[in-house]
Every structure is written in C-alpha cells, then in structure tokens.
Colleague: 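I am attaching a structure below and will ask some questions about it afterwards.
Being a predicted model, the structure only gives us computed values, none of them experimental. Below, chain A is the first sequence line, B the second, and so on; all start at residue 1.
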Number of protein chains: 2
Amino acid sequence: MAELEKGPTGRRRGRGARERILGASQQLFREQGINRTGMDQLCAAAQVSKRTAYQHFTGKDELVAEYLRRFDPSVLSDVFDRTDLTPRERLLAAFDVPPNAPLCPFIAAAVELHDPEHPGSRYAREYKMAVAARLADTAREAGATDPEQLGEQLALLIDGAAARTRVLDADAFPTAAAIAAVLIDNAIPAAVGDDHPREAVSS
Amino acid sequence: MAELEKGPTGRRRGRGARERILGASQQLFREQGINRTGMDQLCAAAQVSKRTAYQHFTGKDELVAEYLRRFDPSVLSDVFDRTDLTPRERLLAAFDVPPNAPLCPFIAAAVELHDPEHPGSRYAREYKMAVAARLADTAREAGATDPEQLGEQLALLIDGAAARTRVLDADAFPTAAAIAAVLIDNAIPAAVGDDHPREAVSS
DNA sequence: CGGTAGGCACACAGATCGGTGTACATAACA
DNA sequence: TGTTATGTACACCGATCTGTGTGCCTACCG
C-alpha cells in the first residue's frame, strides 16, 4: 500500500512535506514576492499545516534561504554543461531565457530582504559570484584574453537584462545578448568567426 | 518674525509639511526600503502628525509615487545638461555615480511594489524609458549610427550596474563604464578617439 | 476681536504578519 | 500491543501595518 499518500483524514506522511513547502515557495515567492507572501497562505498552498512548516524550518528566513538554493540546477548547470555547444555559444546561451521569464529571484530577494546579512541575501551574493565565475571559466575555455573581466561583464549584462525586464515589463535579454556578442568577439584574440568575424583590437 | 518656524508647542505652519514628509521619504525609503518603512515611523521622522500626512497624500501609494518623482533633477538633468562635456563624455558621465551610491530607487520600487499598475511602478517605467531616450538623444548628438539602440544598451548597462551593486554590495559601475566605452566606440562611425581609437566594424 | 484653516496628539479600528501552544490522529516500528 | 515520530486542526499571541475619528490648539486674516 502506498506509504507516501494521504490517509482518510488528510495525512501525507513519507517525506513529502518539505518538498511541498519548497514547491509552494517557488511559485508564490516568485509570483507575489517574498514579503507579500505570508506563511499562512504558503502553508495552505502547500497543503501543510503551519505547525509542520515550523518544524521543518526554524523560520521564514531559513525557508527563504532554502528556496533560493533550489535554483542552481536549472540555471547554472543546464546552460554551462552543454557539450553540444562551443564555449562561445555557451556564453551566448546564457542569454537565451525562455519567454516565460523566471525573472531572477536573487535580485528580487536582495531587494526585498534588504539586509545584506540575511541568509537569503548572503546566498544571492554567493550565487551571483558563482555565475560570474562559471562565465569566466567558459570565457577562459573560449580563449578570452581576460576571462575574469569578460565573465564579470557578461554577468553584469545578465543582471541588467533581468532588472530592466522587471522594471519595463519588456524582454531586455536580446539587447543584452547583442552586447555580449560584441564583448565576446572583442575579447577573443583569434576570433573563430561564427557569423560575423571582426578583427580584434591591436594591443 | 519667521512665519515658517515652530511655535511654542511644536507648530510648523507655512507650507513645510509636504516637503518634510517627502524629505523623510527620500531618506527612509532608500535606507530601509518602502515596505519596511511604516507611516508611523515616517511621520515621526518628518516631525509631522500622521493625521496631517494623510491630509496631504491620499495614501502611501500616492506618497511613494511622489517620492519617486523627486529624483529627476539630480539624476537626469545633472548629467545630460552639462555643456562642458562632449556628447561622448556625457554618455560616459552617466556611469560616474558618486561613491555614496544612491542605488537606483526605481528598480527597488518596481521589485518592492511588485504590481506593474501601481503608480510607483508606472512612474519607474516612465523614468527608465525617459533615461533611455535621453541617452539616445545624446548618442545621436555624438553621431552614433543607431542612437536608439545605443541608448537602450547604455540604459541596460546602468541598470545592470545598479542591480549588481545592490546584490553584491560592491560597486559595479566601473565595469559597466568599461563596456559602455566599447559600445560607444563601436557605434560611432568616425570615432573621435579620446584615448584609444579603434576602427569601426566595416559594415 | 473672532473666524477659519491647518496642524497636533492620541487612541483606535481592522487586517495581516511571523510564530506558538495544545490536543488529537495516523503510520511505522518495537 | 504500545511507543514514538510525524502531521493536523485551530485557536491564539504580540507586533506591526495602513488608515480614521476626535478633540484641542495656534497662527493667520479680516
């Protein structure tokens, strides 16, 4: 008999509570923001009693931090681990956000939490730095002269596109991708021209 | 006798209430964020009774919108109206934010208010579009081949620097300025080399 | 002098917030 | 069988939020 399904009165044992809470967080925090989502509403959406939620997380702060940690796989790995693309294509693929824009939750969290020492803010910082680092790694792989600089530049473009998309309510990633293409071509000495080769600046 | 100073019991008549409220908003909304600043605290900081505040503004929403409208002079005009700079220098001057980073309140407002139809969000959008337009104007003045595109690109860089500065707690504007310099040089056909001339892409 | 407008102090309403306390029910394990 | 986790339902706490209602007070103006 299924041991992780509900009993007659509404039990859902078997390790599912945490996951449901975090799943509801993913949806509600992103749709409504962190501060505008109360624990009552969140627990109702997760079909979890509030008491249980506070047995899994010491407080909302910890829940928020955990919620942010659930973005790594879909954002970092999916883009950088593709072996079917050249390094240069991988750098550009970071700007191909699907139309249903997830709209970077880390910037939102940093603004909403507003305390740089909040665990969520800390993790947002770590994440952004990790993205820049991975971009730099890929830039190095692509043969950029200054990979760290290019990585930081591309990271800034991504954040700019995210922020601008949020404020203007219009997709700004194509613009960012266009800038990225220019920067990448300028940063790679012997440009393996993909579509429009351009001579690099002569020292 | 001064007619806009306080009386013995704490009166401060003479047209000063609105200004003090908005002044306190400037400080508190920026330091603490909009949602984390209650009307009680704000009125106390403005030395204004809560009753008076709600006679000047129909609600917090209107106050927030008014608060955002007080940024124009210091951000838009100061940079673009400088006649002692060449158009190209003016474009780059937009990235010279003073060390005491004001840290773009429009992005913060768009995130915190979270409702695109909130008057504050509306104005944030208008403002960002106005900045891009002024950048485009200056780009046209500088002789860019596609001023609108360059304006949008530079606006994205500014937003990216602001967002990244906020998340990482480290000044990202120099990086943005470096990218801007590249874009500007690439966008102006006959580059009037300021320090490191570079040949434009040959059609 | 008296009227009026603008402001103050303060209590309060209603809602929502994060977080707990309590008593009860179920499943797994002994 | 009984014990122990794990979870539920629900009331509740204190704090804080936006926003009002009320009464008084004082500066200005005629």
Colleague: Round to the nearest Å and state the distance from A:Lys50 atom NZ to D:dT8 atom P.
Modeller: 14 Å
Colleague: Does this structure show an ion pair linking B:Arg164 with A:Glu152, if we count only N-O contacts that are shorter than 4.0 Å?
Modeller: yes
Colleague: Please state how far atom CD1 in B:Ile34 lies from atom P in D:dC17, giving the value in whole angstrom units.
Modeller: 15 Å
Colleague: Mind listing the residues from residues 37-44 of chain A sitting with a heavy atom below 4.0 Å of DNA chain D? Number order is fine.
Modeller: none
Colleague: If we only count heavy atoms from C-beta on, is the B:Leu92 to B:Arg88 side-chain gap below 4.5 Å?
Modeller: yes
Colleague: Considering only heavy atoms from C-beta outward, does the side chain of A:Arg166 approach that of B:Ile107 to under 4.5 Å?
Modeller: no
Colleague: Please give, in whole Å, the distance from D:dC17 P to B:Tyr54 OH?
Modeller: 11 Å
Colleague: Anything under 30° is parallel, anything over 60° is perpendicular, the rest tilted; go ahead and classify A:Tyr67 against A:Phe29.
Modeller: perpendicular
Colleague: Tell me, which of residues 114-122 of chain A have any heavy atom that sits under 4.0 Å from an atom in DNA chain C?
Modeller: none
Colleague: Please assess B:Glu31 against B:Thr37 for the test side chain to side chain contact (heavy atoms under 4.5 Å, CB included), listing each intermediate value before the final yes or no.
Modeller: CA-CA 9 Å; B:Glu31 285 178 2; B:Thr37 302; over 6 Å; no
Colleague: May I ask you to check whether over 12 heavy atoms, not counting those of A:Met39, lie within 6.0 Å of atom CE?
Modeller: yes
Colleague: Write down the distance between CZ (B:Arg51) and P (C:dC12), rounded to a whole number of angstrom.
Modeller: 16 Å
Colleague: What is the distance, rounded to the nearest whole Å, between atom CZ of A:Phe29 and atom C1' of C:dC17?
Modeller: 13 Å
Colleague: Check A:Val64, A:Leu28, A:Leu63 against A:Ile34 for a side chain to side chain contact (heavy atoms under 4.5 Å, CB included) and give me the one that passes.
Modeller: A:Val64
Colleague: Starting at atom CD of B:Gln55, determine the distance to atom P of D:dT18, rounded to an integer number of angstrom.
Modeller: 18 Å
Colleague: Of the residues in residues 56-65 of chain A, which ones touch DNA chain D at a heavy-atom distance under 4.0 Å?
Modeller: A:His56
Colleague: Looking at B:Ser49, I'd like to know whether one of its side-chain N or O atoms comes within less than 4.0 Å of OP1 or OP2 on C:dC8.
Modeller: yes
Colleague: Specify the separation, in whole Å, of atom CG of A:Asn35 and atom C1' of C:dA15.
Modeller: 17 Å
